[in-house]
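Just below is one structure, and these are the notes that go with it.
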Amino acid sequence: MKLQDKICIVTGAASGIGHAIALKYAEAGAKVAIADLAEDKAKAAAEEISAKTPGEAIAVVMDVTSEDEVNAGVNKVIDTWGGVDVLVSNAGIQIVNPIDQMAFSDWKKMLAIHLDGAFLTTKACLPYMYKQGSGAVIYMGSVHSKEASPLKSPYVTAKHGLLGLARVLAKEGAKHGVRSNVICPGFVRTSLVDKQIPEQAQELGISEEDVVKKVMLGQTVDGEFTTVEDVANVALFLAAFENNALTGQSIIASHGWCME
Ligand code: NAD
């Protein structure tokens, strides 16, 4: 599936990885909905992307944990462009704490954004994809879909869970022409990661420099962060892939931190 004129929804696209994916898709000629909680940033991103690419972009404000807001947002895309071809479920946050100190409310918030958000956006898009007999759904997992780290119990749990959702969708969606994948990035220098550096330094009792060098990049082959561009390239490849050969698979982009 080439992305020229394809209709794509990217959640969490007002910043970071989602923004880079939306830009990459619009550069390939796609129509992209910047679906995000942050209204002003989503509108600014949509204007910027529309101005500098051959594609189109609109802002769609939604909290991915709200079924009503997700359904309204997807309906806005359908009303504007008449369908949906690609969903990238990417919106996410991070809350770090050891399990014995993790507030139950934080646990539930994390699972709601990462798992409910993936489920609700998928559920809202599938009727349109099934009707047209084609579609691609990409979930933003993480190396933490495969590995565990201290302090990240709800994040690791949710990111592992996305593998299961993608595999079920691969099996259910095949007869409707719908494919699914998970992208598993290593550490990418976005606001989500910048926020964690001082938090982890304090929790682990080490310097911020050591959090970056030893905790985040210590197991890469080259000491390099994965970039938003790296992840966007994988998201373009998966969205544009022509058939079911890769459906249900997860792709790790982590500079060798995690290999399988
Ligand atoms: P980011 O903070 O730069 O962007 C996240 C975006 O999600 C923001 O624009 C935010 O407004 C939006 N968002 C948050 N909660 C939302 C909600 N309830 N509804 C709608 N939008 C919401 O973070 P990022 O690093 O670009 O992360 C994007 C995804 O990539 C997340 O799922 C994250 O877990 C995953 N990821 C990030 C890294 C990394 O190192 N940065 C690594 C692996 C996976």
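Whatever order the structure lists them in is the order used to number ligands and atoms, beginning at 1. We're numbering straight along the sequence, starting at 1.
Taking CD1 from I95 and OG from S105, the interatomic distance works out to 8.0 Å, rounded to the nearest 0.5 Å. K146 NZ to C258 SG: the interatomic distance, rounded to the nearest 0.5 Å, is 7.0 Å.
Aromatic ring orientation, W257 versus F187: parallel (interplanar angle below 30°, classes split at 30° and 60°). Using the six-membered ring where Trp is involved, Y130 and H176 have ring planes that are parallel, under 30° apart on the 30 and 60° scheme.
Taking every heavy atom of G16 and a limit of under 4.0 angstrom, the matching atoms of ligand 1 come to 3 (O), 26 (O). Atoms of ligand 1 found under 4.0 Å from any heavy atom of F187, numbered from 1 in the order shown, are 40 (O). Interface atoms of ligand 1 facing M62, defined by a heavy-atom separation under 4.0 Å, are 19 (N), 20 (C).
No donor-acceptor contact under 3.5 angstrom links the side chains of K214 and Q219, judged on distance only. Between the side chains of Y139 and S145, no donor N or O sits under 3.5 Å from an acceptor N or O. For the residue pair T65 / D63, a side-chain donor-acceptor distance below 3.5 Å is found, with atom types taken as modelled. A donor-acceptor pair shorter than 3.5 Å can be found between the side chains of D85 and Q132.
G141 counts as a contact of ligand 1, since one of its heavy atoms falls under 4.0 Å from the ligand. Using a non-hydrogen distance threshold of 4.0 Å, F225 does not register as a contact of ligand 1. Distances from ligand 1 to the non-hydrogen atoms of K41 include no value under 4.0 Å. Ligand 1 does not have A35 within reach: every non-hydrogen atom of the residue lies 4.0 Å or more from it. Heavy atoms of D36 come nearer than 4.0 angstrom to ligand 1 in at least one pair.
Within the 4.5 Å cutoff, no side-chain heavy atoms of D230 are placed close to those of V188. Contact check for P154 versus M102: side-chain heavy atoms found under the 4.5 Å cut-off.
By the 3.5 Å distance cut-off applied to N or O atoms, V64 is counted among the residues near ligand 1. Here's the thing with S142: none of its N/O atoms is less than 3.5 angstrom from an N/O atom of ligand 1. Ligand 1 has no N or O atom lying under 3.5 Å from any N or O atom of T65, backbone or side chain. When only interatomic distances are considered, the shortest N/O to N/O separation between V188 and ligand 1 falls below 3.5 Å.
Protein heavy atom at the shortest distance from atom 30 (O) of ligand 1 is M140 CG, 3.2 Å. The single protein non-hydrogen atom nearest to atom 42 (C) of ligand 1 is G186 O, 3.2 Å, given as residue, atom name and distance. Nearest protein heavy-atom neighbour of atom 33 (C) of ligand 1: Y155 OH, 3.6 Å. The closest protein non-hydrogen atom to atom 43 (C) of ligand 1 is P185 O, 3.4 Å. The protein heavy atom nearest to atom 37 (C) of ligand 1 is I17 CD1, 3.6 Å. Looking only at heavy atoms of the protein, atom 28 (C) of ligand 1 is closest to N90 OD1, 3.3 Å. With respect to atom 18 (N) of ligand 1, the closest heavy atom belonging to the protein is D63 OD1, 3.0 Å. Atom 2 (O) of ligand 1 has S191 OG, 3.0 Å as its closest protein atom, hydrogens excluded (heavy atom only).
With a heavy-atom cut-off of 4.0 Å, H114 touches ligand 1 through its side chain alone. If you look at V193 next to ligand 1, the close heavy atoms, those under 4.0 Å, all belong to the side chain.
For the pair D36 and K41, the salt-bridge criterion is not met [side-chain N within less than 4.0 Å of a carboxylate O].
Cation-pi check for K108 over F104 is met; the charged atom lies under 6.0 angstrom from the ring centroid and within 45 degrees of its normal.
Side-chain atoms of K6 never come within 3.5 Å of backbone atoms of V32 as a donor-acceptor pair (strictly under, hydrogens ignored).
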